[in-house]
Amino acid sequence: MANLIEEAKLSIDGLLEKAYKKAVGDGLIPDGGIPQGKVEIPKDTSNGDYAANHAMAGAKTLKLPPRAIAETFVLCMDLTDSYFGSVEMAGPGFLNFRLSDKWFTKVLETIRDEGMDYGRSDEGQNERVMVEFVSANPTGPMTIGNARGGVLGDALASVLDRAGYSVYREFYVNDAGNQVDLFGKSIEVRYLQIIKGEDAVEFPENGYHGDDIKVLAQMIYEKDGEKYLDMDSDARCRAFVEFGLPYNIELMKKHLERYRIHFDKWFLESSLHESGYVEETVKLLEDGGYTYEKDDALWLRNTEFGADKDEVLRRSNGFYTYYAVDIAYHRNKFIERGFDRVIDVWGADHHGHAIRFAASMTAPVLGLQNKKLDFLIMQMVRLVRGNEIVKVSKRTGKALTLNDLMDEIGVDACRFFFNAKPDTHLEFDLDLAIRQDSENPVYYVQYAHARICSLIAAMAEEGHPVPTGSEVNAALLCSEHEHELIKQLAMFTEEIRLAARDYDPSRINRYVTELAARFHRFYTSCRIKDAEPELRDARLVLCDCTEKVIANALDIVGVTAPEKM
RNA sequence: GCGCCAGUAGCUCAGGUGGAUAGAGCAACUGCCUUCUAAGCAGUAGGUCAGGGGUUCGAAUCCCUUCUGGCGUACCA
């Protein structure tokens with residue numbers, strides 16, 4: 001449960017404080033209070049492993065030039081038995097620290113001790129968090145937009161779990177409302193077309209044009225023949241929905257499991273209607289005086305909560321809007337099920353809703369004062385084929401489905417590719433994706449893992465297994481490539497913490513890619529097989545640690561770590 | 001019009017909440033396999049960080065403004 005980066009930074013704080021006290025005691029610096037600065041990791045390692053800017057930050061209060069302060073710090077600093085081997089003044093007054101063998105040893109020992117738990121922290125203090133994601137309409141197959149949301153939500157949940165939160169994954173099934181009615185209507189027309197011929201019945205403009213609807217109609221026809229032909233349209237549609245919806249939901253479950261996403265719960269929207277929970281929630285808002293009637297509809301005074309417009313809760317036809325249902329659903333998450341925090345992963349086409357919705361949720365009568373509702377808004381995926389932009393729409397039925405995509409490029413590549421930074425538009429080139437074999441960065445990482453596994457296996461066969469026990473002599477691992485690799489290993493916990501804090505699991509992609517790069521460099525420059533026994537053992541331990549962290553990081557993203565390639 | 005997200009190398013993108021000479025992958029070019037996996041490594045080339053102001057020791061990063069792109073602004077979800 002150690003965050004080695006934080007430990008190093010804290011230890012620098014301690015060293016600075018001691019040096020400052022000594023400097024004041026020796027009369028080298030006025031006692032104006034210890035300068036408040038920041039410790040960071042410089043991009044360029046020639047500027048040390050860690051750099052502190054305290055001398056620059058303290059120039060004003062101490063009334064001394066930054067470089068003079070820095071020099072005094074260097075003079076008064078005692079690094080004996082610390083995580084650092086040297087410190088020097090540089091540039092405008094930076095204090096540059098270089099790590100010692102003690103720290104490198106500590107990193108490897110920590111990874112050996114913690115095993116697959118390495119990377120975990122208690123940052124989240126078991127706060128109960130629900131991540132709701134995908135939640136695709138069950139009216140058709142999932143698209144590449146869901147591919148992105150799926151990975152982001154799932155990887156975010158994994159990251160939060162490792163950062164010490166108690167995580168729950170949920171899929172919200174929109175099995176009620178207009179879209180579902182439209183779904184039933186669409187099947188109805190396809191069904192009638194099978195019996196009467198395609199030209200006999202016109203397909204509604206706003207219906208679902210996808211082939212999957214035809215398939216459903218065909219299945220119904222094969223099962224029940226013309227049984228529904230003379231039925232009243234409403235009843236017929238209801239029957240078709242009762243058949244089509246569960247069928248689609250099962251299919252989504254199957255495809256998402258293939259995509260390595262498992263939800264703790266598939267929450268049905270219809271359950272909120274049936275239990276009267278929507279009605280009850282709206283009543284709460286009415287009684288609180290936050291509503292008014294206009295044009296036979298019931299409106300929420302959303303502008304009172306800072307939103308840019310009011311919202312309809314109950315339509316003039318008596319049905320509740322998705323908006324009202326959403327409020328009820330989220331009230332249910334917090335109040336009935338006791339989550340402290342809820343994160344909704346939504347596409348950018350819902351961001352307007354997210355802003356207004358967040359405003360509504362502050363209504364005091366909902367009782368959510370101590371709760372956190374956050375949104376992870378991901379930008380759209382732009383599908384291109386070469387230079388041509390492919391328009392995607394579920395209704396027109398032209399969408400590339402998630403399942404097709406998994407067939408084309410494989411689950412690993414898919415998960416790795418779509419785990420990109422949420423707030424940038426993602427360009428997905430079909431031509432490239434299909435071609436993506438050895439070019440794909442996911443193979444670069446997997447290759448590093450496979451390399452280690454086969455190396456370790458080969459060494460074991462020669463009678464040199466990875467030494468057991470956690471004692472490590474990292475002093476032998478003294479080349480630049482070895483240091484760079486160990487430093488990257490040490491970063492894992494911190495990287496997870498930041499990914500959790502920023503809701504950006506794509507950090508893990510970048511982290512593990514860099515880790516693989518550093519391993520490849522190490523592997524090329526440092527021999528293991530014919531090294532001296534002690535050095536060989538130390539390097540085997542380093543390989544072993546690297547293998548575990550790569551596997552662990554890939555597991556977060558949901559990518560397999562192959563032992564052979 | 002108003003709101004949200006973005007604009008960094010030919011292409012796809014990083015850039016740790018203001019730090020030192022702006023980075024990586026792909027594409028291009030040049031080297032490296034009789035030695036642990038060449039799906040790898042090393043190197044060359046490639047930039048007005050969209051434009052313009054401002055804040056300060058210091059800005060790709062913060063503020064203002066203009067331009068460009070995506071999305072939103074339904075009694076659809």
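No experiment lies behind these values; they were computed from the predicted model shown. In the text below, chain A, chain B and the rest are named by the order of the sequence lines, each starting its count at 1.
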> Do A:Lys548 and A:Asp544 sit within salt-bridge range, that is, some charged N less than 4.0 Å from a carboxylate O?
Replying inline: yes
> Does the side chain of A:Tyr523 get closer than 4.0 angstrom to OP1 or OP2 of B:A42 through an N or O atom?
Replying inline: no
> What is the pairing partner of B:A60, taking Watson-Crick or G-U wobble pairs with both distances under 3.5 Å in any strand?
Replying inline: none
>> What residues from residues 527-549 of chain A pass a heavy-atom cutoff of under 4.0 Å to RNA chain B?
In response: A:Arg527, A:Ile528, A:Lys529
>> Partner lookup for B:A20, please. Criteria are Watson-Crick or G-U wobble with both distances under 3.5 angstrom; report none if nothing qualifies.
In response: none
>> Heavy atoms only, 4.0 Å cut-off, all strands: where does A:Arg501 land among base, sugar-phosphate and nothing?
In response: base
>> Under a 4.0 Å threshold between the charged nitrogen and the carboxylate oxygen, would A:Glu170 count as salt-bridged to A:Lys333?
In response: no
>> Taking the ring of A:His520 and the ring of A:Tyr444, is the distance between their centroids below 6.0 Å?
In response: yes
> What string of B, S and - do you get for nucleotides 2-8 of chain B 5' to 3' if you count protein non-hydrogen atoms under 4.0 Å?
Replying inline: -BBBS--
>> Categorize A:Ala450 for me: base, sugar-phosphate, or nothing, with a 4.0 angstrom heavy-atom threshold over every strand shown.
In response: base
> Hey, which of these two, A:Thr513 or A:Trp299, hits RNA chain B nearer its 5' end, going by closest nucleotide?
Replying inline: A:Thr513
> When we call it a touch if two heavy atoms are under 4.0 Å apart, what does A:Ala297 touch: a base, just sugar-phosphate, or nothing?
Replying inline: base
> When you match A:Met380 and A:Ser525 each to their closest nucleotide on RNA chain B, which lands nearer the 5' end?
Replying inline: A:Ser525
>> Base, sugar-phosphate or nothing for A:Ala51? Non-hydrogen atoms, less than 4.0 Å.
In response: base
>> Just to be sure I understand the rule, does A:Asp181 reach a base, reach only the sugar-phosphate, or reach nothing, if contact means heavy atoms closer than 4.0 Å?
In response: nothing
> Any idea which of B:C41, B:A77, B:G40 is nearest the A:Tyr447 side chain?
Replying inline: B:G40
> B:C75 base to A:Ser316 side chain: any donor-acceptor pair below 3.5 Å?
Replying inline: yes
> Hey, is the side chain of A:Thr321 poking within less than 4.0 Å of OP1 or OP2 on B:C75, counting only N and O atoms?
Replying inline: no
> Where the side chain of A:Asp502 is concerned, which of B:U37, B:U17, B:G19 is the nearest nucleotide?
Replying inline: B:U17
> Is A:Glu311 salt-bridged to A:Arg356, going by a charged N under 4.0 Å from an acidic O?
Replying inline: yes
>> Tell me which one of A:Arg510, A:Arg497, A:Lys421 satisfies salt bridge (Lys or Arg N to Asp or Glu O under 4.0 Å) with A:Asp504.
In response: A:Arg510
> Between B:C75, B:G16, B:C41, which one does the side chain of A:Arg315 approach most closely?
Replying inline: B:C75
> When we call it a touch if two heavy atoms are under 4.0 Å apart, what does A:Phe94 touch: a base, just sugar-phosphate, or nothing?
Replying inline: base
> What does A:Tyr323 touch in the nucleic acid at a heavy-atom separation under 4.0 angstrom: a base, only the sugar-phosphate, or nothing?
Replying inline: nothing
> Where the side chain of A:His520 is concerned, which of B:U37, B:G40, B:A14 is the nearest nucleotide?
Replying inline: B:G40
> Can a donor-acceptor pair under 3.5 Å be found between the side-chain atoms of A:His350 and the base atoms of B:A77?
Replying inline: yes
> With respect to the side chain of A:Lys38, which nucleotide from B:G40, B:A77, B:U17 is positioned closest?
Replying inline: B:U17
>> Heavy atoms only, 4.0 Å cut-off, all strands: where does A:Ile41 land among base, sugar-phosphate and nothing?
In response: base
> Any idea how A:Trp266 and A:Phe263 line up, ring-wise: parallel (<30°), tilted (30 to 60°), or perpendicular (>60°)?
Replying inline: perpendicular
>> Any side-chain N or O of A:Arg382 below 4.0 angstrom from OP1/OP2 of B:C71?
In response: no
>> Quick check: A:His481 with A:Tyr523 (ring centres under 6.0 Å apart)?
In response: no
> What does A:Asp326 touch in the nucleic acid at a heavy-atom separation under 4.0 angstrom: a base, only the sugar-phosphate, or nothing?
Replying inline: nothing
> For A:Lys309, which contact category applies under a 4.0 Å heavy-atom criterion: base, sugar-phosphate, or nothing?
Replying inline: sugar-phosphate
> With a 4.0 Å cut-off on heavy atoms, is A:Glu461 in touch with a base, just the backbone sugar-phosphate, or nothing at all?
Replying inline: nothing
>> Partner lookup for B:C36, please. Criteria are Watson-Crick or G-U wobble with both distances under 3.5 angstrom; report none if nothing qualifies.
In response: none
>> Taking the minimum atom-to-atom distance to the side chain of A:Asn178, which one of B:C76, B:A42, B:A20 wins?
In response: B:C76
> Can you find a donor-acceptor pair, distance only, under 3.5 Å between A:Asn53 side chain and B:A20 base?
Replying inline: no
> Does B:C71 have a Watson-Crick or wobble partner in any strand here, with both distances under 3.5 angstrom, and which is it?
Replying inline: B:G3
>> Is there a ring-ring contact (aromatic ring centres under 6.0 Å, His included) between A:Tyr83 and A:Phe97? Walk through the geometry before answering.
In response: CA-CA 10 Å; A:Tyr83 284 144; A:Phe97 292 81; over 10 Å; no
> Is the base of B:A39 touched by the side chain of A:Tyr443 through a donor-acceptor pair closer than 3.5 angstrom?
Replying inline: no
> With a 6.0 Å cut-off on ring centres, are A:Tyr320 and A:His273 close enough?
Replying inline: no
> Among A:Phe171, A:Tyr277, A:Tyr329, which residue meets the ring-ring contact (aromatic ring centres under 6.0 Å, His included) test with A:Phe267?
Replying inline: A:Tyr329
>> Only pairs with both distances under 3.5 Å count, Watson-Crick or wobble alike; so what is the partner of B:C41 in this structure?
In response: B:G31
> Among B:A20, B:G16, B:C36, which is the nearest nucleotide to the side chain of A:Asn47?
Replying inline: B:A20
>> Which nucleotide, if any, forms a Watson-Crick or G-U wobble pair with B:U55, using both distances under 3.5 Å?
In response: none
>> Can you confirm if the aromatic rings of A:His350 and A:Phe375 lie within a centre distance of less than 6.0 Å?
In response: no
